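Model, not experiment: these values are computed from the prediction.
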Amino acid sequence: EGVTEVLAHRGESLQDKFVEVPCSEDYDSHKRFEGCTPRKCGRGVTDAVITREEAERIRRIAERGLSLGGSDGGASILDLHSGALSLGKHFVNLYRYFGDKIQDIFTEEDFALYRDVRQRIQQRIAQAFGISSASMYLTKPTFFSRINNTEAKTTHDEYWHPHVDKVTYGSFDYTSLLYLSDYTEDFGGGRFVFMDMGSNKTIEPRAGRVSFFTSGSENLHRVEKVHWGTRYAITISFTCNPDHGIGDPVLM
């Protein structure tokens, strides 16, 4: 497992914590966008951007959406942008599958809160990395995740493998996670782990906590297996390439 250093404990409320790390070469094989493509790389954690109350409201959005489906395995996904929803061993398009009934599940206020939270996270990332938030674009996939200890049924359920976001999704330049539940209170295991040479740096989820990082190999990471309870989070990712940008979700 290597040496473990906890970057953010669940019990502490962090104003801003930022650790700079040397950039990998991953960005060199992609078109560079001046004023956005990472020249400074690193990882940050803050409990000062989203309130716990807002996180609870957002978790209720996730719970309502995921109650319509859910994976047979331990990891379920809900993407409000594309409509992708885990259902059994597959995915369905929420908007096509449920049609007008969507209006009974989500409200305009839900989507307004989602947009507001996304904007605040975007501004915080821009500030930390010294770039302009106007030069960043939301990119896909951006999704809610619900993880429990049910045994994996498909490779989609195997969330615990180490990976690099920019290798998995070429469009990612900056990744963020907004946690919607509490480590040790709502679930066990499920910590976020940066895997550095010879040591692991962990983040313990706490409702309202945002962790963010540059998406290249400098931030190889994984999520520990969830042993009990349910872990909710949203992954919100940004690209510097406008061709890979997506709009905020709208209520169909």
Please tell me if the side chains of P242 and F33 come closer than 4.5 Å, counting only heavy atoms from C-beta onward. yes
Distance col, row W160:CH2 vs I147:CD1, nearest 0.5 angstrom, shows 9.5 Å
When you measure from the side chain of K201 to the backbone N and O of E5, does any donor-acceptor pair fall under 3.5 Å? no
Using only atom types and a distance under 3.5 Å, with no angle test, would you say the side chain of E54 pairs donor to acceptor with the backbone of V117? no
To the nearest 0.5 Å, what is the distance between CD1 (I50) and CZ (R120)? 4.5 Å
Exam field: side chain R209 to backbone E204, donor-acceptor pair closer than 3.5 Å: yes
For Y97, the ring-ring contact (aromatic ring centres under 6.0 Å, His included) test, sequence neighbours excluded, returns none
Are any side-chain N or O atoms of E218 and backbone N or O atoms of S24, one a donor and one an acceptor, separated by less than 3.5 Å? yes
Nearest 0.5 Å, what's the CG-OG distance between D157 and S71? 3.5 Å
Verify, without hydrogens or angle tests, whether T239 (side chain) and Y137 (backbone) share a donor-acceptor contact under 3.5 angstrom. no
Carboxylate-amine/guanidinium contact D196 R43, below 4.0 Å: yes
Under 3.5 Å, is there a donor-acceptor pair between the side chain of Y95 and the main chain of L80? yes
Quick check on the hydrophobic clustering: are F18 and I121 connected, directly or via other members, by side-chain heavy-atom contacts under 4.5 Å? yes
For the atom pair CZ (R64) and CD1 (I105), what is the distance rounded to the nearest 0.5 Å? 9.0 Å
Return the minimal non-hydrogen interatomic distance between L14 and A8, and the atom names on each side. CD1-CB, 3.5 Å
Candidate list S215, S237, S171, test side chain to side chain donor-acceptor pair (under 3.5 Å), partner T139, passing option: S171
Report the residues that fulfil salt bridge (Lys or Arg N to Asp or Glu O under 4.0 Å) with K140, sequence neighbours left out, ordered by chain and then residue number. none
How would you list, by chain and number, every residue that makes a ring-ring contact (aromatic ring centres under 6.0 Å, His included) with Y174, sequence neighbours excluded? F129
Straight-line distance of D16 CG to T46 OG1, nearest 0.5 Å: 4.5 Å
Is any side-chain heavy atom of H90 less than 4.5 Å from a side-chain heavy atom of T154? no
Working to the nearest 0.5 Å, report the span between CG of L113 and CG of D116. 6.5 Å
Within 6.0 Å of CG in D104, more than 12 heavy atoms from elsewhere: yes
Could you state whether M195 and F172 fall into the same hydrophobic cluster, counting links through intermediate Ile, Leu, Val, Met, Phe, Trp or Tyr residues with side-chain heavy atoms under 4.5 angstrom apart? no
Please give me the minimum heavy-atom distance between I203 and S211, naming the atom from each residue. CD1-CB, 3.6 Å
Looking at A207, is its backbone amide N or carbonyl O close enough to the side chain of D182 to form a donor-acceptor pair, meaning the two atoms are under 3.5 Å apart? yes
So does N149 get a backbone contact from the side chain of H227, meaning a donor-acceptor N/O pair under 3.5 Å? no
Between Y27 and T214, is any pair of side-chain heavy atoms under 4.5 Å apart? yes
Positive for side chain to side chain contact (heavy atoms under 4.5 Å, CB included) with L68, one of L87, L85, V92, L78: L85
So which atom in A128 and which in F212 form the shortest heavy-atom distance, rounded to 0.1 Å? CB-CE1, 3.6 Å
Is a salt bridge present between E108 and R115, judged by a nitrogen-to-oxygen distance below 4.0 Å? no
Examine distances only and state if a side-chain atom of E224 and a backbone atom of R191 form a donor-acceptor pair shorter than 3.5 Å. yes
Taking the side chain as every heavy atom from C-beta outward, state whether Y114 and F144 have any atom pair closer than 4.5 Å. yes
Hydrophobic cluster membership, F213 vs I125, 4.5 Å side-chain cutoff: no
Return the minimal non-hydrogen interatomic distance between D47 and E12, and the atom names on each side. OD2-O, 3.4 Å
As a test of understanding, state which of T175, V210, T142 forms a side chain to side chain contact (heavy atoms under 4.5 Å, CB included) with I236. T142
Is any side-chain heavy atom of H221 less than 4.5 Å from a side-chain heavy atom of H163? yes
Of all residues at least two apart in sequence or in a different chain, which pass the salt bridge (Lys or Arg N to Asp or Glu O under 4.0 Å) check with D186? R59
Which pair of heavy atoms, one from S133 and one from Q122, lies closest together, and at what distance? O-NE2, 2.8 Å
Do Y232 and S76 touch side chain to side chain, with heavy atoms closer than 4.5 Å? no
On a heavy-atom basis, the closest approach of S86 and A75 is OG-O, 4.2 Å
Is the number of heavy atoms from other residues, nucleotides or ligands under 6.0 Å of H30 NE2 greater than 12? yes
Hits for ring-ring contact (aromatic ring centres under 6.0 Å, His included) against H244, two or more places apart or cross-chain, chain-then-number order -> none
Treat each ILVMFWY residue as a node, draw an edge where side-chain heavy atoms are under 4.5 Å apart, and state whether F143 and L94 are in one component. no
When you compare the side chain of K166 with that of S217, does any pair of heavy atoms fall below 4.5 Å? no
Would Y179 and R231 satisfy side chain to side chain contact (heavy atoms under 4.5 Å, CB included), going step by step from the backbone distance to the final call? CA-CA 8 Å; Y179 297 109; R231 176 193 194 269; 3.4 Å; yes
Under 4.5 Å between any side-chain heavy atoms of T230 and F187, yes or no? no
Ring geometry between F192 and F194 (parallel below 30°, tilted from 30 to 60°, perpendicular above 60°): perpendicular
Passing option when E185 is tested against R10, R52, R206 for salt bridge (Lys or Arg N to Asp or Glu O under 4.0 Å): R10
Listed partners of F106 passing ring-ring contact (aromatic ring centres under 6.0 Å, His included), at least two apart: F111
Keeping the roles fixed (side chain from T202, backbone from V193), state whether a donor-acceptor pair exists under 3.5 Å. no
Evaluate whether atom NZ of K89 has more than 12 neighbouring non-hydrogen atoms of other residues, nucleotides or ligands under 6.0 angstrom away. no
When hydrophobic residues are tied together by side-chain contacts of less than 4.5 Å, even through go-betweens, does L220 share a cluster with V167? yes
